[in-house]
Every structure is written in C-alpha cells, then in structure tokens.
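Written out below as structure tokens is the structure these notes cover.
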Amino acid sequence: MDLNNSNITTTTTTMMTMISSNSTSTNGSRTATAAAAAAAAATASSSSSSNATASGLSRYESQKRRDWNTFCQYLRNHRPPLALSRCSGAHVLEFLRYLDQFGKTKVHIQTCPFFGHPNPPSPCPCPLRQAWGSLDALIGRLRAAYEENGCDPEANPFGARAVRLFLREVRDLQSKARGVSYSKKRKLTTSNINKPAALQMQPQPQVLCPPPPSSPATTFFPPRPRN
C-alpha cells in the first residue's frame with residue numbers, strides 16, 4: 001500500500017514538472033513572437049518615416065536630385081573618369097548629346113516631306129531627339145544643383161556661353177523642323193490686365209512738351225507831338 005502511494009506521488013510530481021516546463025516553453029515562445037513583432041513594427045515605422053521624408057520633397061526637388069545623380073554617374077562612367085571640378089561647358093554639351101539617344105521627340109530632317117509640319121499624317125524614319133523644352137529645363141535644374149552642392153558659381157559649366165548657344169540652336173532647329181513656335185508670349189502688366197481689351201489696343205497718346213516761353217513783348221510808346 002505504501003509502495004502504491006509512493007508511485008502515485010512520483011507520477012504526480014513528474015506530471016507537474018512536465019506541465020511547468022510546457023508552460024515555460026509556451027511563455028518563452030510567446031515572448032519571442034512578441035519581440036519579433038515589435039522588431040518588425042519598428043522596421044516598418046522607420047521605413048514609413050524614410051518614405052515620408054522622401055515624399056516631403058517637391059516634384060522639382062526630386063527631379064533635380066535625380067538629374068544631378070544621373071550627371072554624376074555620367075562623369076564616373078566617362079573615359080577617362082572626369083572630376084566635377086574639371087567639368088566644362090564642352091562636357092555638358094557631350095552629356096546633352098548623349099541624352100539624345102533616349103529622346104522621344106520626332107525631329108524631321110530637311111529632306112523629309114513632313115519638314116515643318118506640326119502634325120504629320122504618317123510616320124517617317126526621322127530620328128528621335130530630346131525636346132528643346134526638356135533640355136532647357138534640365139540645364140536649369142543642373143545649374144541650381146551645381147551651386148547647391150558647394151561648387152563655385154563662377155565656374156558653373158551649365159551657365160557657359162557654349163551651352164546657351166547650343167540650346168538656342170536646338171530651339172531654332174526644332175522650331176523649323178516641327179513647325180512649332182517657341183516664342184514667348186508678351187507678359188501683361190497689372191495696368192494692362194485691369195484695362196478692357198478695347199483700351200489695351202488703342203495707341204497711347206504722346207505727351208507733347210509745351211513750347212518754351214516766348215520772350216516778353218516790348219511795349220511801344222508812340223512819340224509825343226512837339227508843341
């Protein structure tokens with residue numbers, strides 16, 4: 001009888017130990033799961049905060065950063081590699097010509113029957129180029145990014161005279177080839193905006209200066225008769 005009681009006590013103790021160990025392992029797994037979930041939440045929070053910071057930039061600033069990174073990558077891939085401090089207007093022109101292979105604007109050559117037609121009726125084998133407006137905006141963004149990255153404004157290659165002349169030539173060539181006018185519209189001043197259209201078309205009267213004052217007339221006194 002005592003032996004049976006001893007066996008029962010031993011079995012009960014073993015079962016309690018197993019239950020306790022199972023409970024401990026369950027709590028440990030729950031703790032590990034909670035820690036993993038907290039780590040994942042922290043990672044998601046940091047990722048969302050970084051995305052929020054990136055999305056805080058304006059469209060212009062984001063595009064300017066991408067353009068600057070593209071130009072710096074072009075300089076690194078240059079043969080031989082070119083340092084930014086040694087970049088000149090000639091290298092900027094090389095970069096613009098390099099971008100022409102990614103252009104999407106049809107520029108008709110002079111022998112093309114659609115030369116000067118803004119809306120050609122059928123496709124033609126003329127090359128695709130970067131549009132003048134895209135190149136002009138690109139140079140403006142890169143010129144600003146060059147100075148924002150601590151470079152000397154006086155040595156800004158994007159403001160070189162050769163670059164300005166190149167953009168002017170591209171504008172004139174594409175204007176003739178595509179039959180599109182790039183002339184800027186005259187800006188209306190505040191005084192002209194407030195006036196009716198009929199009054200705006202009327203010529204402004206000229207202000208005439210008054211004639212110079214004449215010299216005072218000399219008073220004539222007739223001679224007195226003699227007595």
Can you give each donor-acceptor pair under 3.5 Å made by side-chain atoms of residues 104-128, sequence neighbours left out, with the distance rounded to 0.1 Å?
residue	atom	partner	partner atom	Å
K106	NZ	C124	O	2.9
K106	NZ	C126	O	2.9

**OP:** Please report the shortest heavy-atom distance between C87 and L82, naming the atom on each side.
**Re:** CA-CD2, 4.3 Å

**OP:** Applying ring pair (Phe, Tyr, Trp, His ring centres under 6.0 Å), name anything that partners Y60, two or more places apart in sequence or on another chain.
**Re:** none

Compile the donor-acceptor pairs under 3.5 Å between side chains in residues 163-177 and protein atoms, sequence neighbours left out, one pair per line.
residue	atom	partner	partner atom	Å
R164	NH1	G159	O	2.8
Q174	OE1	W132	N	3.0
Q174	NE2	Q130	O	2.9
S175	OG	V180	O	2.5

Can you give the donor-acceptor pairs under 3.5 Å from side chains of residues 71-78 to other protein atoms, not counting sequence neighbours?
residue	atom	partner	partner atom	Å
Q73	OE1	R76	NE	3.4
Q73	OE1	R76	NH2	2.7
Q73	NE2	N77	OD1	3.3
N77	ND2	Q73	O	3.3
H78	ND1	P80	O	2.7
H78	NE2	E94	OE1	3.4

Subject >> Sole residue of R59, R66, R65 in side chain to side chain donor-acceptor pair (under 3.5 Å) with Q63 >> reply: R66

Subject >> Audit row: L138, L99, side chain to side chain contact (heavy atoms under 4.5 Å, CB included) steps and yes/no >> reply: CA-CA 11 Å; L138 171 66; L99 293 178; 3.4 Å; yes

Original post:
Among all residues two or more places apart in sequence or in another chain, which pass the side chain to side chain donor-acceptor pair (under 3.5 Å) test with H91?
Top reply: S88

Original post:
Which value, rounded to the nearest 0.5 Å, describes the distance between N156 atom CG and L142 atom CG?
Top reply: 9.0 Å

**OP:** Give, for atom CG of D100 and atom CZ of F102, the distance between the pair rounded to the nearest 0.5 Å.
**Re:** 10.5 Å

**OP:** Determine which pairs satisfy salt bridge (charged side-chain N to carboxylate O under 4.0 Å, His left out) with at least one residue from residues 139-160, sequence neighbours left out, and list them in order.
**Re:** K64-E148, D67-R141

